[in-house]
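Report on the structure given below.
Residue numbers start at 1 and run along the sequence shown.
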Amino acid sequence: MGVSNTDSDKTQEEEQQDLPKVVLLRPPPAFSLIGEESFASNKFQFLKTYDSQLPLDQFLSTHSHSIKAILSSAGAPVNADILQLLPEVGLVVTTSAGLNHVDIPECRRRGIKIANAGHVYSDDVADLAVGLLIDVLRKVSASDRYVRQGLWADKGNYPHGSKLGGKRTGIVGLGNIGYEVAKRLEAFGCVVSYNSRKKKPYVSYPFYHNVCELAANCDALIICCGLSDETRHMINKPVLSALGKEGFIVNIGRGDIIDEKEMVSCLMRGEIAGAGLDVFENEPNVRKEFFAMDNVVLSPHRAVFTPESLKDLSQLVVGNLEAFLSNKPLLSEYVDNE
């Protein structure tokens with residue numbers, strides 16, 4: 001006797017139900033950009049808390065026995081309260097390179113592994129960091145507005161910018177992204193120095209323990225570090241004053257690393273020369289003072305988003321989840337103090 005299509009479909013559904021579950025607290029941005037199907041696998045099934053009418057704690061408790069991993073993204077904290085409801089979870093995978101939304105000590109206490117985006121975004125973010133620096137130095141965006149508004153013919157030539165070559169550039173955070181920024185700046189003939197949690201044995205760039213001292217010896221400061229309690233508002237008035245009125249700042253890390261109020265004041269008073277910003281303290285709400293400044297270049301937190309990087313991200317996320325569920329080494333496991 002043959003099996004009907006209905007029976008066959010039911011069997012497939014049952015097989016799906018038997019797969020290990022990966023919980024989503026919110027849809028990662030990559031889902032809407034390249035499609036959820038790019039993250040599909042026959043080794044696991046996504047559980048979406050945001051599609052349920054149940055309160056979050058009730059939803060998680062109901063499915064806790066089958067949830068083996070969490071796929072997280074910025075804006076949906078993975079904290080002790082969440083982890084307490086999920087005793088079977090052994091892995092947190094995040095679509096970001098930064099981990100400030102993950103309670104790392106609690107994960108360690110529970111023996112939960114962590115995998116981040118690793119090197120996936122490094123090239124694209126480094127490209128944008130250098131692009132922002134070139135833009136603010138050479139006044140690319142500002143002169144583009146000047147031409148579009150018809151001011152070239154009415155008011156004459158636009159004020160000249162400054163060259164990148166030969167600039168003393170300081171990198172705050174010489175991790176994967178910071179190192180790629182440094183390599184690009186070297187190719188432009190810049191003199192690179194850096195500050196990081198610890199001195200890197202694989203580079204010969206001058207190392208400064210103190211960010212203020214680094215700023216005092218630079219023409220441009222590029223923020224590449226992650227956000228933590230230690231780095232929040234690390235770029236403050238003393239650092240900006242040390243950078244000085246001829247100095248430029250670029251931020252592709254996190255908005256809260258800079259004391260934005262102080263930076264706005266310094267820009268308005270001419271105490272620093274300009275800024276290129278991809279991140280802000282209160283995204284997506286950006287301080288209106290920036291809009292009138294021709295010496296500031298703004299980008300809406302898009303440094304990581306290219307079709308190429310998102311495709312690589314989907315492969316890395318799926319690879320990490322499948323490796324974990326097969327008891328194989330993770331592809332991009334986060335190691336403390338790396």
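Distance check: Ser332 OG to Ile114 CD1 gives 11.5 Å after rounding to the nearest 0.5 Å.
Here the side chain of Ser241 pairs no donor or acceptor atom with the backbone of Pro238 at under 3.5 angstrom. A donor-acceptor pair is defined here as one N or O able to donate and one able to accept, closer than 3.5 Å; such a pair exists between the side chain of Lys21 and the backbone of Leu19. No donor-acceptor distance shorter than 3.5 angstrom exists from the side chain of Thr169 to the backbone of Ala220, with no hydrogens or angles considered. Formation of a donor-acceptor pair under 3.5 Å by the Ser228 side chain with backbone atoms of Thr231 is found in this model.
Atom CZ of Arg110 has more than 12 neighbouring heavy atoms from other residues, nucleotides or ligands inside a 6.0 Å radius.
Evaluation of the salt bridge (Lys or Arg N to Asp or Glu O under 4.0 Å) rule for Glu88 yields Lys68 as partners, not counting sequence neighbours. Listed by chain and number, the residues in a side chain to side chain donor-acceptor pair (under 3.5 Å) with Thr62 amount to none (sequence neighbours excluded). Remark: Asp294 engages Arg145 in a salt bridge (Lys or Arg N to Asp or Glu O under 4.0 Å) (not counting sequence neighbours).
Residues Lys311 and Glu308 are not paired through a salt bridge, judged by the lack of any N-O separation under 4.0 Å between the basic side chain and the carboxylate. For Lys183 and Glu186, the salt-bridge test fails: no basic side-chain N is under 4.0 Å from an acidic carboxylate O.
Sorted by first and then second residue, the pairs that involve residues 127-137 and meet side chain to side chain donor-acceptor pair (under 3.5 Å), not counting sequence neighbours, are Asp127-Arg184, Asp135-Ser141. Note on residues 89-101: no pairs pass salt bridge (Lys or Arg N to Asp or Glu O under 4.0 Å), not counting sequence neighbours. Among pairs with a residue in residues 155-173, those fulfilling salt bridge (Lys or Arg N to Asp or Glu O under 4.0 Å) read Arg168-Asp219, at least two apart in sequence or across chains. Judged as a salt bridge (Lys or Arg N to Asp or Glu O under 4.0 Å), the pairs with a partner in residues 42-57 (not counting sequence neighbours) are, in order, Glu36-Lys48. Within the structure, the side chain to side chain donor-acceptor pair (under 3.5 Å) test picks out the following pairs touching residues 255-277 (sequence neighbours left out): Arg232-Asp256, Glu260-Arg287, Arg269-Glu271. Residue pairs satisfying the ring-ring contact (aromatic ring centres under 6.0 Å, His included) criterion with at least one member in residues 164-203, sequence neighbours excluded, are listed as follows: Tyr179-Tyr202, Tyr194-Phe207. For the ring-ring contact (aromatic ring centres under 6.0 Å, His included) condition, no pair includes a residue of residues 288-321, sequence neighbours left out. Contacts classified as ring-ring contact (aromatic ring centres under 6.0 Å, His included) and involving residues 90-131 (residues at least two apart or in different chains) are not found.
What you find for Gly255 and Glu281 is that their closest heavy atoms are O-CG, 3.5 Å. Taking all atoms of both residues into account, the shortest heavy-atom contact from Ser299 to Phe280 is O-CE1, 3.4 Å.
In this structure, Val250 and Leu277 have side chains that are not in contact, with every pair of non-hydrogen atoms separated by 4.5 Å or more. Taking the side chain as every heavy atom from C-beta outward, Val140 and Val297 never approach each other to under 4.5 Å. Looking only at side-chain heavy atoms (C-beta outward), Leu214 and Ser193 come within less than 4.5 Å of each other.
Tyr146 belongs to a hydrophobic cluster whose remaining members, ordered by chain and number, are Val147, Leu151, Trp152, Tyr158; membership requires side-chain heavy atoms of ILVMFWY residues under 4.5 Å apart, directly or through intermediates.
The aromatic rings of Phe59 and His63 sit tilted relative to each other, their planes meeting at an angle between 30° and 60°.
Linking Ile, Leu, Val, Met, Phe, Trp and Tyr residues whenever their side-chain heavy atoms come within less than 4.5 Å leaves Leu267 and Leu137 in two separate clusters.
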